[in-house]
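Scroll down for the structure; my scribbles are underneath it.
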Amino acid sequence: MSLDPVQVMKGQDPMPNTCPSASNGDSQASWDDSKDIHENEGSTKKPKSGPVRRTRKVEGGIFFPKPENAVTIAVSSRVLFRTEKEQKVFEQKGIEEYLRYQVEHENEPFAPGPAFPFVKALETVNNRLRELYPDSEELFDIVLVTYNHAHVGIRLINTINYHNLFIERFCMTGGSSPIGYLKAWHTNLYLSADAEKVQEALAEGIAAATMFMPEKQIEVSETQLRVAFDGDAVLFSDESERIFKAHGLDKFFEHERENENRLLDHGPLKGFLEVLGKLQKKFYAKGHRMDCPIRTYLVTARSAASSGIRALKTLRAWGLEMDEALFLAGAPKGPMLEKIRPHIYFDDQMFHVEGAVEMGAIAAHVPYGIAQKYPHKKSTNAGK
C-alpha cells in the first residue's frame, strides 16, 4: 500500500462528518444552505454571524502570546482542512482557474482535515491553562500556513469562523516557501501535506511531519490531547537504526547492550516533546497530574529487555516523562494506536504510518534518518 499526503484510505467507511453542512467542493452544499449560518441577499451569499467564538482577554483586550513565549504550531491549510477538490483544480487547470474557483466558492467552508482534531485538542489545553494561569503566555499558538494567494484567505477565514477555531495568525506565501517565516514564528512544530517542505523544515532544525488521514477516523478524546511518538529517528537520532540497517538485528542488540549507559542523541521531535512536558508540569504544579489534559506515549518496535533500557535512560536524563511506553519487539503498531486513539502519531517509517492509518489512527511521517534510504521490509522485525 502506498499513501499520498492527506490521501483518503480506501476500503473503509467514510469519515464521520462533524460538520454536516461543510463541503470541500465535492457537493453543492454551501453556507447559504444553512439558515442558521447564512441568508441570501439578492445574488450575493453572505455568512451570518457564526457561533460565539472564544477569545482570550487580558485587562479588557484580546490576548495573543508573543511567538517567543508560546508553543507555536504551524499547520498547512491542506492538513487542517479537506482541499482535495481544490488541489485537483490547481493540478489540472492551473493557478488562474484555481484562484477563480476559490473566490467563487469562498462561502463554502472546507470540511475538517487530518490536523483538525489535533488543533481542537490544542485549544482545549489552552482553555485549561487559561483557567489556571490567566496571565501566562505559555500557550499553544496556531499559525495557518498556506502557499495560497491572499484572495483565498477569505475562504479560509470564513471556514475558521464556521468551525469556531481560534486561529488569528496567517501566513499566505503566494507560492513561495514558508520555511523562513516558520523560523521567524519560532515554530515548535510544522504539519504539512508537502513532503518536500517538511524535509526542508527538518533541515532547518524545525520539527516537522507530513500528515496522513484514514477514510474512517477513530474517535479521539475531546478533553485530553494525546500525542504518540516513535523512538529512533523521531525522538532520538537514527544512530541505532543505522546499526540495524548495516549489520542486522543481533548486532543492533549487542550495540544497545554495550551502550546502554551512553545517551542517545536527540532526534527531530525531541524539542516538541520537551514543550509538551513543560506544559504538563504546569498542570502538575496545580495538582492536576491525574487529570492532565496532555498525555504522551512512546510506541516503539524496540524490545524492552534487549534494547529498551537505553531509550528510557535517555528520556530520564533529558528530564522528560513519558506517560506510557509501549515496547512492541517488532509487533505491528496499528492495533496499539487504535487503542491509544492519539490526535497524532509520529513515525519515521512509512511502513508504520500505513499500519496506523489502516487502523483509523491519524499518523504523520517524519522523513528523517537512514530509514528514508532503506525502507522497512515487512518480513523483518526491526529493533526500533
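Side-chain contact between F229 and D347 is absent, with no heavy atoms from C-beta onward closer than 4.5 Å. Contact of the F253 side chain with the S303 side chain is registered, since non-hydrogen atoms from C-beta on lie closer than 4.5 Å. Annotation: side chain of V143 is not in contact with side chain of F170 (no heavy-atom distance under 4.5 Å). The shortest side-chain heavy-atom distance between R226 and S221 falls under the 4.5 Å cut-off. The shortest side-chain heavy-atom distance between R289 and E321 falls under the 4.5 Å cut-off. The shortest side-chain heavy-atom distance between F212 and I362 does not fall under the 4.5 Å cut-off. Counting heavy atoms from C-beta on, the side chains of F283 and D291 never come closer than 4.5 Å. Annotation: side chain of D323 is not in contact with side chain of I294 (no heavy-atom distance under 4.5 Å).
The structure places OG1 of T159 at 10.5 Å from CD1 of I167, a figure rounded to the nearest 0.5 Å. Atoms NZ and CG, from K120 and N164 in turn, are 5.5 Å apart once rounded to the nearest 0.5 Å. To the nearest 0.5 Å, atom CG of residue L320 and atom CD of residue Q280 are 9.5 Å apart. Expressed to the nearest 0.5 Å, how far CD of Q217 lies from CZ of R341 amounts to 10.5 Å. The CG atom of L276 lies 13.5 Å from the CZ atom of R295; values are rounded to the nearest 0.5 Å. Residue L189 holds its CG atom at 10.0 Å from CG of L182, rounded to the nearest 0.5 Å.
Salt-bridge formation is not detected for the pair K251/E256: no Lys NZ or Arg NE/NH1/NH2 atom is positioned less than 4.0 Å from an Asp or Glu carboxylate oxygen. Note on R100 versus E96: no salt bridge recorded, every NZ/NE/NH1/NH2 to OD/OE distance being 4.0 Å or above. Remark: D141 does not engage K66 in a salt bridge, criterion side-chain N to carboxylate O under 4.0 Å. The pair R310-E260 does not meet the salt-bridge criterion, since no charged nitrogen lies less than 4.0 angstrom from a carboxylate oxygen. Comment: R302 engages D232 in a salt bridge, judged by a side-chain N to carboxylate O separation of less than 4.0 angstrom.
Using a 3.5 Å distance cut-off with no hydrogens or angles, the side chains of K286 and Y133 do not pair a donor with an acceptor. Between the side chains of Y98 and Q102, at least one donor N or O sits under 3.5 Å from an acceptor N or O.
Residues L165 and V145 do not share a hydrophobic cluster, clusters being chains of Ile/Leu/Val/Met/Phe/Trp/Tyr side chains in contact below 4.5 Å. Residues W185 and F272 are members of separate hydrophobic clusters, defined by side-chain heavy-atom contacts under 4.5 angstrom among Ile, Leu, Val, Met, Phe, Trp and Tyr. The same ILVMFWY cluster, assembled from side-chain heavy atoms under 4.5 Å apart, contains both V198 and F118. The hydrophobic cluster containing V220 does not contain V119, counting ILVMFWY residues as joined when their side-chain heavy atoms lie under 4.5 angstrom apart, directly or transitively. Tracing side-chain contacts under 4.5 Å through hydrophobic residues (I, L, V, M, F, W, Y), one never reaches L315 starting from I309; they form parts of separate clusters.
Aromatic ring centres of H365 and F346: separated by at least 6.0 Å. For W318 and F236, the distance between ring centers is under 6.0 angstrom. In this structure, Y284 has its ring center at least 6.0 angstrom away from the ring center of H288.
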Go through it in stages, so that I can follow the logic: the residues are S177 and E200, the test is side chain to side chain donor-acceptor pair (under 3.5 Å), and I'd like the CA-CA distance, side-chain angles, deciding distance and then a yes or no. CA-CA 9 Å; S177 172; E200 188 179 341; 3.2 Å; yes
Steps toward side chain to side chain donor-acceptor pair (under 3.5 Å) verdict (E239, H255): CA-CA 10 Å; E239 167 205 327; H255 176 266; 3.3 Å; yes
Evaluate D230 against K333 for salt bridge (charged side-chain N to carboxylate O under 4.0 Å, His left out), listing each step before the verdict. CA-CA 10 Å; D230 180 30; K333 297 181 179 182; 3.0 Å; yes
Taking it one step at a time, do K88 and E86 satisfy salt bridge (charged side-chain N to carboxylate O under 4.0 Å, His left out)? CA-CA 5 Å; K88 286 182 180 178; E86 290 72 18; over 6 Å; no
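Note: F81 and H163 have parallel aromatic rings, judged against thresholds of 30 and 60 degrees for the angle between ring planes. Ring-plane geometry between Y101 and H105 is classed as parallel, the angle between the planes falling under 30 degrees on a 0 to 90 degree scale with a further cut at 60.
Judged by the 6.0 Å distance and 45° axis criteria, R155 is positioned over the aromatic ring of F110.
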